[in-house]
Amino acid sequence: MCTVSFIATQTGAIITSNRDEHILRAALPPQKYNYNSKSVIFPKDPAAGGTWFATDGIEKVIVLLNGAAEKHAHKPPYRKSRGLIVLDLISADKSIEEWESIDLNEIEPFTIVLFSENKLYQLQWNGTEKSTLKLDASKNHIWSSSTLYAPEIRAQRAKWFAEFIEKETVLSSQKMFDFHRYTENSDSKNGLVISRDDVLKTLSITQTFINAIGVRMEYYDLISGEKHTVSND
């Protein structure tokens with residue numbers, strides 16, 4: 001939920017997300033759930049019941065990052081977990097229409113990456129207003145959470161991403177996993193896998209590979225070393 005990349009492929013896309021969280025906030029590995037009468041695949045945050053990464057297993061993927069364009073002041077209590085907003089959007093028939101109508105008052109700021117019907121969107125809530133940005137789904141993109149990474153660090157991470165893309169002739173899900181897992185490993189504060197004071201860590205890497213067949217989700221628990229794969233077949 002704190003570093004997300006989007007890679008355009010000839011047949012679809014690869015979306016990868018690193019979850020940076022307090023070490024006590026472990027998650028359940030992904031599985032299929034019935035949510036609002038829809039089949040949804042996601043890893044679950046047991047604390048609030050929501051998620052930072054969800055797919056319908058067919059063609060739609062939603063990924064959450066904490067914070068909007070700029071870092072905000074944390075002012076709890078909030079009315080609803082941002083992870084539940086992800087589930088409301090992924091289970092909607094038309095996610096963009098749901099986004100336009102959903103009430104976000106008293107919800108903490110966030111950014112959502114939505115890939116649906118081969119269209120890519122950045123959706124943001126800054127605590128006051130929503131913004132919707134349609135992005136070029138034929139290009140590659142990266143996001144870093146504004147709550148954990150200062151603007152200059154986000155710019156540096158975008159540079160690492162651009163340099164990685166430039167040197168790779170063919171991008172695969174394995175190469176994107178390696179980018180998210182090993183980039184700037186010596187920098188425990190701002191590398192792609194972090195460990196800050198042994199309290200805030202990158203707990204997992206979640207990845208989806210989208211093509212004409214559907215969506216496959218792979219989940220790598222960096223604490224236990226376990227890997228889980230789920231698809232909607």
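We use all heavy atoms of the structure for the numbers below, so side chains are in, but hydrogens, waters and symmetry mates are not. The structure presented is a predicted model; accordingly, all values stated were derived computationally and were not measured.
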Can you list the residues that meet the ring-ring contact (aromatic ring centres under 6.0 Å, His included) rule with Y220, with sequence neighbours excluded? F177
Could you list the residues that satisfy side chain to side chain contact (heavy atoms under 4.5 Å, CB included) with N126, not counting sequence neighbours? A68, T128, E129
Would you say the side-chain atoms of [X] pair up with the backbone N or O of [Y], donor to acceptor, closer than 3.5 Å?
X	Y	result
R157	N190	yes
S17	T206	no
Q207	S173	yes

Residues joined to L200 in its hydrophobic cluster, side chain to side chain under 4.5 Å directly or through other members, sorted by chain and number, are L148, Y149, I153, I194
Between [X] and [Y], does any side-chain N to carboxylate O distance fall below 4.0 Å?
X	Y	result
R216	E218	yes
E21	K201	no
D45	R25	yes

Measuring only between side-chain heavy atoms, which start at C-beta, is V193 closer than 4.5 Å to R181? yes
Is it the case that the ring center of F115 lies less than 6.0 angstrom away from the ring center of Y121? no
Aromatic ring centroids of F42 and F53 under 6.0 Å? no
Hey, is CD on E166 packed in by over 12 heavy atoms from elsewhere, all under 6.0 Å? no
Applying the 4.5 Å side-chain criterion to the ILVMFWY set and letting contacts propagate, would V40 and V230 be lumped into a single cluster? yes
